[in-house]
Q: 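Structure below; questions to follow.
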Amino acid sequence: MGHLDHAALGWLTPALSYVMACIGAALGLRCTVRALAATGRSRRNWLVTAASAIGTGIWTMHFVAMLGFSVAGTDIRYDVPLTLLSLLVAMVVVCAGVFAVGYGRDRGRALLIGGLTTGLGVASMHYLGMAAVRLHGDVTYDPVLVGLSVLIAVVAATAALWAALNIKSPVAVTIASLIMGAAVSSMHYTGMFAVSVRVTPSGEALPGVTAMQFIFPLAVGLGSYLFLTSAFVALSPTAGEREASASAQRPVESVAR
């Protein structure tokens, strides 16, 4: 059995992956709060932004953590189409879950459906990402730990959507995002601890690309998207601020008349 190292670069990758998960969760929660206070096209746009933020944060968390993954006795490469598919899956299923909550009339039922959909999608993203790994050997999984990782994903997703429905203040959103980041990271590493590799030494070149050739630049690009979107959300006025501004202008217009 090959020795697996989940933090070959030290604490840098676990810490950075946790930060990315928290940023994605915080941004997604803030956008969902904005969406629930909006109507029509504005609500849809906020929900799409929330889904892209959460999906991007989760995907970036996973593959930043994977930068620290190594197996003794073999190189590691990644299949590009499968890696991109895992990103698409993360976006689509999170979008489905967020829209279920954003437009559901029965919020309890919408929360259950959205949490289950999003959680299973997050788990699917994780294992699609693992299916993209190419190495000299056979990869097997502990079914108990796999099941636990899926359960954690569903619970974390449901808790995040509940927070989006019930938490409004920036401080509460920050606390919720820290908890969500910890839950998503726990799901990832639970899934990784389920992995065993039987290395088959070989001199053949592995298909695919290295993490630094493909995943690192993509993760940096998506991380930049999260930071820029965070700045946009922070600077855009809330519904309450717009209403207060409109109220303040009415007396001035009345005096002018």
Side-chain angles (χ1 to χ4, degrees), residues 1-9 12-14 16-18 20-21 24 51-52 54-96 117-143 145-147 149-150 152-153 157 184-185 187-226:
M1 302 293 285
H3 172 70
L4 277 62
D5 191 343
H6 299 289
L9 301 178
L12 174 63
T13 49
L16 186 57
S17 64
Y18 172 69
M20 299 310 298
S52 66
I54 296 172
T56 298
I58 292 171
W59 189 92
T60 306
M61 175 280 303
H62 171 81
F63 280 101
V64 166
M66 290 300 290
L67 292 173
F69 177 66
S70 68
V71 181
T74 178
D75 293 330
I76 294 177
R77 299 289 186 272
Y78 292 88
D79 181 276
V80 173
L82 271 180
T83 301
L84 292 177
L85 178 61
S86 70
L87 174 59
L88 178 63
V89 166
M91 295 287 192
V92 170
V93 298
V94 171
C95 190
T117 301
T118 305
L120 292 177
V122 168
S124 298
M125 178 280 299
H126 174 87
Y127 288 104
L128 267 175
M130 288 304 298
V133 173
R134 299 290 179 262
L135 47 75
H136 292 302
D138 298 316
V139 178
T140 58
Y141 294 89
D142 181 327
L145 288 178
V146 169
S149 70
V150 174
I152 292 173
V184 172
S185 297
M187 179 277 296
H188 170 82
Y189 284 105
T190 300
M192 293 308 296
F193 289 140
V195 175
S196 297
V197 178
R198 186 178 295 277
V199 174
T200 305
S202 173
E204 295 183 7
L206 289 165
V209 297
T210 66
M212 288 299 177
Q213 287 174 330
F214 173 65
I215 293 173
F216 179 71
L218 188 58
V220 169
L222 293 175
S224 299
Y225 162 77
L226 286 176

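All values below were derived from every heavy atom in this structure, side-chain atoms included, with hydrogens, water molecules and symmetry-related copies excluded. Heads up: numbering here begins at 1 and tracks the sequence.
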Q: Locate the shortest heavy-atom distance separating Leu9 from Leu67; write the atom from each residue and the value.
A: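 Scanning both residues, the minimum pair turns out to be CD1-O, 3.9 Å.
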Q: At what distance, to the nearest 0.5 angstrom, does CG of Leu4 lie from OG of Ser196?
A: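 If we round to the nearest 0.5 Å, Leu4:CG and Ser196:OG are 7.0 Å apart.
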Q: Quick check: closest heavy atoms across Ser86 and Leu128, and the distance to 0.1 Å?
A: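 Heavy-atom minimum between the residues: CB-CB, 3.9 Å.
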Q: Any non-hydrogen side-chain atom of His188 less than 4.5 Å from a side-chain atom of Val64?
A: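 SC-SC contact between His188 and Val64 ruled out.
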Q: For residues Met91 and Thr56, determine if any side-chain heavy atom of one lies less than 4.5 Å from a side-chain heavy atom of the other.
A: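 Heavy-atom side-chain distance check passes, below 4.5 Å.
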Q: Does the pair Val133 and Met66 meet the rule for a side-chain contact (heavy atoms from CB on, under 4.5 Å), with working shown?
A: CA-CA 10 Å; Val133 173; Met66 290 300 290; 4.0 Å; yes
Q: Can you tell if the side chain of Thr118 reaches within under 4.5 Å of the side chain of Val93, non-hydrogen atoms only?
A: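 Side-chain contact under 4.5 Å: no.
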Q: Please report the closest heavy-atom contact between Tyr189 and Ala65, naming both atoms and the distance.
A: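 The pair with the smallest heavy-atom distance is OH-CB, 3.5 Å.
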Q: Under the criterion side-chain contact (heavy atoms from CB on, under 4.5 Å), I'd like the reasoning laid out for Trp59 against Leu88: C-alpha separation, chi angles, the key distance, then a yes or no.
A: CA-CA 9 Å; Trp59 189 92; Leu88 178 63; over 6 Å; no
Q: Would the distance check show the side chain of His126 and the main-chain N or O of Val150 forming a donor-acceptor pair, the cut-off being under 3.5 Å?
A: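 Pair absent, no side-chain N/O of His126 close to backbone of Val150.
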Q: Do the rings of Phe69 and His6 sit parallel, tilted or perpendicular, given the 30° and 60° boundaries?
A: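 Rings of Phe69 and His6: parallel, as their planes differ by under 30°.
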Q: How close do Val94 and Ala51 get, counting heavy atoms only, and between which atoms?
A: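 Taking Val94 first and Ala51 second, the nearest heavy atoms are CG1-O, 3.6 Å.
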Q: Can a donor-acceptor pair be found, under 3.5 Å and without considering hydrogens, that links the side chain of Ser17 to the backbone of Pro14?
A: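 Yes, because the side chain of Ser17 sits within donor-acceptor range (under 3.5 Å) of the backbone of Pro14.
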Q: Run through Val209, Leu82, Val139 and flag the one making a side-chain contact (heavy atoms from CB on, under 4.5 Å) with Arg134.
A: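 Considering Val209, Leu82, Val139, a side-chain contact (heavy atoms from CB on, under 4.5 Å) with Arg134 is found only for Leu82.
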Q: Test your reading of the model: is there a side-chain donor-acceptor pair from Thr74 to the backbone of His136, 3.5 Å cut-off?
A: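 Yes, Thr74 side chain to His136 backbone: donor-acceptor pair under 3.5 Å.
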Q: Could you give the distance from NE2 (His62) to OG1 (Thr83), rounded to the nearest 0.5 Å?
A: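 One finds 8.0 Å between NE2 of His62 and OG1 of Thr83.
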Q: Side chains of Arg77 and Thr210: does their closest heavy-atom pair fall under 4.5 Å?
A: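 Yes, at least one pair of side-chain atoms sits under 4.5 Å.
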Q: Of the non-hydrogen atoms in Ile76 and Leu206, which two are nearest, and what is the gap between them?
A: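 The pair with the smallest heavy-atom distance is N-CD1, 4.3 Å.
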Q: Could you tell me the separation between the CG atom of Asp142 and the OG1 atom of Thr190, rounded to the nearest 0.5 Å?
A: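 Atom-to-atom, Asp142:CG and Thr190:OG1 are 11.0 Å apart.
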Q: Taking all atoms of both residues into account, what is the closest heavy-atom pair of Gly73 and Val199, and its distance?
A: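 Answer, listing the atom of Gly73 first, then Val199: O-CG1, 3.6 Å.
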